[in-house]
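What follows is a short report on a single structure.
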Amino acid sequence: MTIKLICLDADDTLWHNMRHFNATEEALVAMLQPFADAHIARDTLNACEGRNLKLYGYGAKGFTLSMIETAAELAGDQISKTMIEEILAAGRALLAHPVDLFDDVADTLDALAHRGRLVLVTKGDLLHQESKLAASGLGDLFSGIEIVSDKTENTFRRVFSQYGVAADEAIMAGDSMRSDIRPALEAGAWAAYIPQEGAWVHEIADTPSDHVRFRQIDRLAELPDLIDTIG
């Protein structure tokens, strides 16, 4: 069996992402300190995000709207114009932060490209993801770019069909158990989980440790050797 298609996540797989969201969340918690304890502010934000994902989708813009809603819920009539302006500024900063690549990503992608076609499969705001990819300088290394609203079993089935491979000739690598690993396995592909610190609560799911096509690695740089063991 040979891997012909290598699908890769972007955020927190190719470049750092959640560290920026987590820092922004901490700023919101500090802002709301007069109105709620830290754990209540975090729980309220997480619940708000969960409700809003189907409405706003993934990304910094939806996160910013959820922060404003959280502030309104916790501060009530005491929410101020200044507070809203600070939250909006934090959201703009999220959209503008520099792209910080993980170590040796370009060399790893070059090694992977000698083993199969590379397809970026990422979700989030279209404009923001396109701008991050452009800033990364990695776009030319991919045979295809798929920016989707969510990653499901059907998403991966469509990708495999579009690129003309059987599911068991494809592998998906990423940091999200919910979005990268489980749906790829459900679609019949291989999946390589690359856990990162500070994972988003909405991306956590049970680990399919007993699945025959599931693998876990510490760094993306280990993926070429893993693929060699499959092929």
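Note: hydrogens, waters and symmetry copies are ignored here, and every other heavy atom, side chains too, is used. Keep in mind the model is a prediction, meaning the values are calculated, not measured.
- Between L185 and P208, the closest heavy-atom pair is CD1-CG, 3.5 Å.
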Inset, instruction - Output, in order, the C-alpha distance, side-chain angles, deciding distance and verdict of salt bridge (Lys or Arg N to Asp or Glu O under 4.0 Å) for K151 and D9. - result: CA-CA 10 Å; K151 297 178 191 176; D9 176 47; 2.9 Å; yes

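- When side chains are defined from C-beta on, E26 counts as touching R42, because their heavy atoms get closer than 4.5 Å.
- R182 places a side-chain N or O within 3.5 Å of a backbone atom of D206 that can act as its donor or acceptor partner.
- In this structure, F63 CZ and K61 NZ are separated by 15.5 Å, a value rounded to the nearest 0.5 Å.
- Between the side chain of D175 and the main chain of Q196, no donor-acceptor pair closer than 3.5 Å is present.
- A single hydrophobic cluster is seen to contain both L14 and I145, as judged by linkage of ILVMFWY side chains at heavy-atom distances under 4.5 Å, directly or through other members.
- When each of N17, D11, T13, D12 is checked for a side-chain hydrogen bond (donor to acceptor under 3.5 Å, both in side chains) with W15, only D11 meets the rule.
- Listed here is the closest heavy atom pair of L120 and A10: CD1-CB, 3.9 Å.
- Taking both residues in full, the closest heavy atoms of S149 and Y58 are given as O-CD1, 3.4 Å, listed atom of the first, atom of the second, then distance.
- Under the 3.5 Å distance criterion, the side-chain polar atoms of T207 are left unmatched by any main-chain donor or acceptor of S209.
- In this structure a side-chain-to-backbone donor-acceptor pair under 3.5 Å is missing from N52 to L55.
- Side chain of T44 to main chain of E73: no donor-acceptor pair is present (N/O by atom type, distance under 3.5 Å, no hydrogens or angles).
- A donor-acceptor pair is defined here as one N or O able to donate and one able to accept, closer than 3.5 Å; no such pair exists between the side chain of E130 and the backbone of L127.
- No side-chain heavy atom of L8 sits less than 4.5 Å from a side-chain heavy atom of D180.
- The number of heavy-atom neighbours closer than 6.0 Å to CD of Q78, taken from other residues, nucleotides and ligands shown, is 12 or below.
- Under a 3.5 Å cut-off, the side chain of S161 and the backbone N or O of R158 do not form any donor-acceptor pair.
- Between the side chain of R117 and the main chain of Y163, a donor-acceptor pair closer than 3.5 Å is present.
- Looking at every heavy atom in both residues, V212 comes nearest to R215 through O-NH1, 2.9 Å.
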Inset, instruction - Would you sort out whether K81 and E86 count as a salt bridge (Lys or Arg N to Asp or Glu O under 4.0 Å), showing the intermediate values? - result: CA-CA 9 Å; K81 177 176 178 289; E86 290 177 355; over 6 Å; no

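- Heavy atoms only, all atoms of each residue included: A41 and L32 are closest at CB-CD1, 4.4 Å.
- The hydrophobic clustering, which links ILVMFWY residues whose side-chain heavy atoms are closer than 4.5 Å, places I79 and L74 together.
- Put simply, NZ on K4 and CZ on F160 are 14.0 Å apart, with the number rounded to the nearest 0.5 Å.
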Inset, instruction - Could you give me the CA-CA distance, side-chain angles and deciding distance for R19 and E197, then say whether salt bridge (Lys or Arg N to Asp or Glu O under 4.0 Å) is met? - result: CA-CA 9 Å; R19 60 167 57 171; E197 291 184 6; over 6 Å; no

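- Linking Ile, Leu, Val, Met, Phe, Trp and Tyr whenever their side-chain heavy atoms come within less than 4.5 Å leaves I3 and V159 in two separate clusters.
- In this structure, the separation between NE2 on H211 and CD1 on I181 is 11.0 Å, given to the nearest 0.5 Å.
- Under 3.5 Å, the side chains of T122 and Q129 contain a donor-acceptor pair of N or O atoms.
- For the pair L138 and L101, the minimum side-chain heavy-atom distance is below 4.5 Å.
- At least one side-chain heavy atom of F21 sits under 4.5 Å from a side-chain heavy atom of L94.
- Every residue was checked against the side-chain hydrogen bond (donor to acceptor under 3.5 Å, both in side chains) condition with D110, not counting sequence neighbours, and none meets it.
- The aromatic rings of F102 and H16 lie tilted to each other, with the angle between the two planes from 30° to 60°.
- Rounded to the nearest 0.5 Å, atoms CG (L226) and CG (L220) are 10.5 Å apart.
- Note that CE of M67 and CG of L28 are 6.0 Å apart. Values are rounded to the nearest 0.5 Å.
- Taking CG from D43 and SG from C48, the interatomic distance works out to 12.5 Å, rounded to the nearest 0.5 Å.
- Taking 4.5 Å as the limit, every side-chain heavy atom of F156 sits out of range of all side-chain heavy atoms of E146.
- A 4.5 Å side-chain heavy-atom check between W190 and I227 finds every atom pair outside the cut-off.
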Inset, instruction - Given salt bridge (Lys or Arg N to Asp or Glu O under 4.0 Å), test K54 with D150 step by step and report yes or no. - result: CA-CA 10 Å; K54 291 183 179 180; D150 200 0; over 6 Å; no

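- There is a path of hydrophobic side-chain contacts, each under 4.5 Å, that joins I194 to L112.
- A single hydrophobic cluster is not seen to contain both I6 and V165; linkage of ILVMFWY side chains at heavy-atom distances under 4.5 Å, directly or through other members, places them apart.
- Listed for the E222 side chain is a donor-acceptor partner under 3.5 Å among the backbone atoms of D218.
- For the residue pair K123 and S179, a side-chain donor N or O sits within less than 3.5 Å of a side-chain acceptor on the partner.
- Residues V119 and F142 come closest through the heavy atom pair C-CD2, 3.8 Å.
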